[in-house]
Amino acid sequence: MLKIVVLVSGGGTNLQAIMDAVEAKTITNTEIIGVISNNKNAYALERAKKHGIPAMCISPKDYESREAFNDAFLDELQQLNPDLIVLAGFLVVIPEKVIRQYEHRMINIHPSLIPAFCGKGYYGLKVHEAALKRGVKVVGATVHFVDEGTDTGPIILQKAVEVKNSDTPETLQRRVMEEAEWKILPKAIDLIANGKIELIDGKAVVCGE
């Protein structure tokens, strides 16, 4: 049984997709053992509690220094002892000590087809604003392993979404979530839970399909 902790900052729509998939058994062999947010007002925490999942807030604002927050954050993760950490809209830079501790055991969902519109400064609506400004015809989402760079870890899954002429950043964001993020993030978790992802020469390869 793969034990996962989900990290969130806002509404938690990706968290909801994961919880729904676990309950529907489209994610198999997986248990959500905790949800952590840096925002005490995040609706994601309420979503978790409604499903009986332990949920807590650990915010940099509550600590004297970033180092103190990093230590508390790592300590909480170590107590939970997850097999996999899932970043589902988590807007805090992950401390290097956490990345090292959970190397190849931490994944992130990013709302673009990496390497387009990713890296420092590309998050939330900013990604979709940039895509529309550039005039691209196809966008999408990517699930990747987290490394010490920003959106640079091995890519696990990607899914494309067509851009419409009438799109605004808000409508495009919603469609990318519905058509890509909520599909590939649960699928990636299920693949990992069932031993179907291998890292070969620095690339994530789906096996057994």
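Position 1 is the first residue of the sequence, and the numbers go up from there.
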Given side chain to side chain contact (heavy atoms under 4.5 Å, CB included), test Gln78 with Tyr102 step by step and report yes or no. CA-CA 10 Å; Gln78 288 174 331; Tyr102 293 95; 4.0 Å; yes

[Y] backbone acceptor or donor facing [X] side chain under 3.5 Å:
X      : Y      : result
Asn29  : Ala193 : yes
Ser37  : Cys57  : no
Glu162 : Lys137 : no

Measure the [atom1]-[atom2] distance between [X] and [Y] for me, rounded to the nearest 0.5 Å.
X      : Y      : atom1 : atom2 : answer
Tyr63  : Ile58  : OH    : CD1   : 5.5 Å
His104 : Glu198 : NE2   : CD    : 13.0 Å
Asp20  : Arg47  : CG    : CZ    : 9.0 Å
Asn14  : Glu181 : CG    : CD    : 5.0 Å
Gln16  : Trp182 : CD    : CH2   : 9.0 Å
Lys196 : Leu191 : NZ    : CG    : 6.5 Å

Hey, does [Y] have a side-chain heavy atom less than 4.5 Å from the side chain of [X]?
X      : Y      : answer
Ile197 : Val205 : no
Phe117 : Asp151 : no
Pro54  : Ile33  : no
Thr30  : Lys3   : no
Pro82  : Ile4   : no
Val138 : Val163 : no
Leu77  : Val98  : yes
Ile107 : Leu87  : no

Strictly by modelled atom types, are [X] and [Y] linked by a side-chain donor-acceptor pair under 3.5 Å?
X      : Y      : result
His51  : Glu23  : yes
Asn38  : Ser9   : yes
His144 : Thr142 : no

Is it possible for you to say whether [X] and [Y] belong to one hydrophobic cluster, with membership spreading through side-chain heavy-atom contacts below 4.5 Å?
X      : Y      : value
Ile192 : Leu15  : yes
Phe90  : Leu74  : yes
Met106 : Leu2   : no
Leu7   : Leu84  : no
Val93  : Ile109 : no

Looking at every heavy atom in both [X] and [Y], which two are closest together, and how far apart are they?
X      : Y      : value
Ser112 : Ala116 : OG-O, 2.5 Å
Met19  : Ile32  : CG-CD1, 3.6 Å
Glu31  : Met1   : N-SD, 3.8 Å
Ala141 : Val176 : CB-CG1, 4.2 Å
Met177 : Thr13  : SD-OG1, 3.5 Å
Pro186 : Ile27  : O-CG1, 3.4 Å

Considering residues at least two apart in sequence or located in another chain, which fulfil the salt bridge (charged side-chain N to carboxylate O under 4.0 Å, His left out) criterion with Arg174?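 For Arg174, the residues satisfying salt bridge (charged side-chain N to carboxylate O under 4.0 Å, His left out) (neighbours in sequence not counted) are Glu178.
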
Start with the C-alpha distance between Ile99 and Phe145, add both sets of side-chain angles, then the distance that settles side chain to side chain contact (heavy atoms under 4.5 Å, CB included), and finish with yes or no. CA-CA 10 Å; Ile99 294 171; Phe145 283 109; over 6 Å; no

Walk me through it: do Val8 and Val35 pass the test side chain to side chain contact (heavy atoms under 4.5 Å, CB included)? CA-CA 7 Å; Val8 291; Val35 171; 3.7 Å; yes

Passing candidate, side-chain hydrogen bond (donor to acceptor under 3.5 Å, both in side chains) with Asp167, options Gln173, Arg175, His128: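 Single side-chain hydrogen bond (donor to acceptor under 3.5 Å, both in side chains) partner of Asp167 among Gln173, Arg175, His128: Arg175.
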
Step through the shown structure and confirm whether more than 12 heavy atoms of other residues, nucleotides or ligands are within 6.0 Å of NZ on Lys164.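 Atom NZ in Lys164 is not crowded, with 12 or fewer foreign heavy atoms closer than 6.0 Å.
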
Would you mind telling me which of Ile114, Val86, Leu185 makes a side-chain contact (heavy atoms from CB on, under 4.5 Å) with Val143?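 Result for side-chain contact (heavy atoms from CB on, under 4.5 Å) with Val143: Leu185.
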
Before you tell me yes or no, could you show the steps for Lys40 and Asp62 under salt bridge (Lys or Arg N to Asp or Glu O under 4.0 Å), namely the whole-Å CA-CA distance, both residues' side-chain angles and the distance that decides it to 0.1 Å? CA-CA 11 Å; Lys40 66 181 179 181; Asp62 296 332; over 6 Å; no

Ion pair Glu96/Arg100, N-O distance below 4.0 Å: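 Arg100 and Glu96: salt-bridged.
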
Those residues that, when tested against Asn194, pass side chain to side chain donor-acceptor pair (under 3.5 Å) (two or more places apart):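 Asn194 satisfies side chain to side chain donor-acceptor pair (under 3.5 Å) with Thr28, Asp190 once adjacent residues are dropped.
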
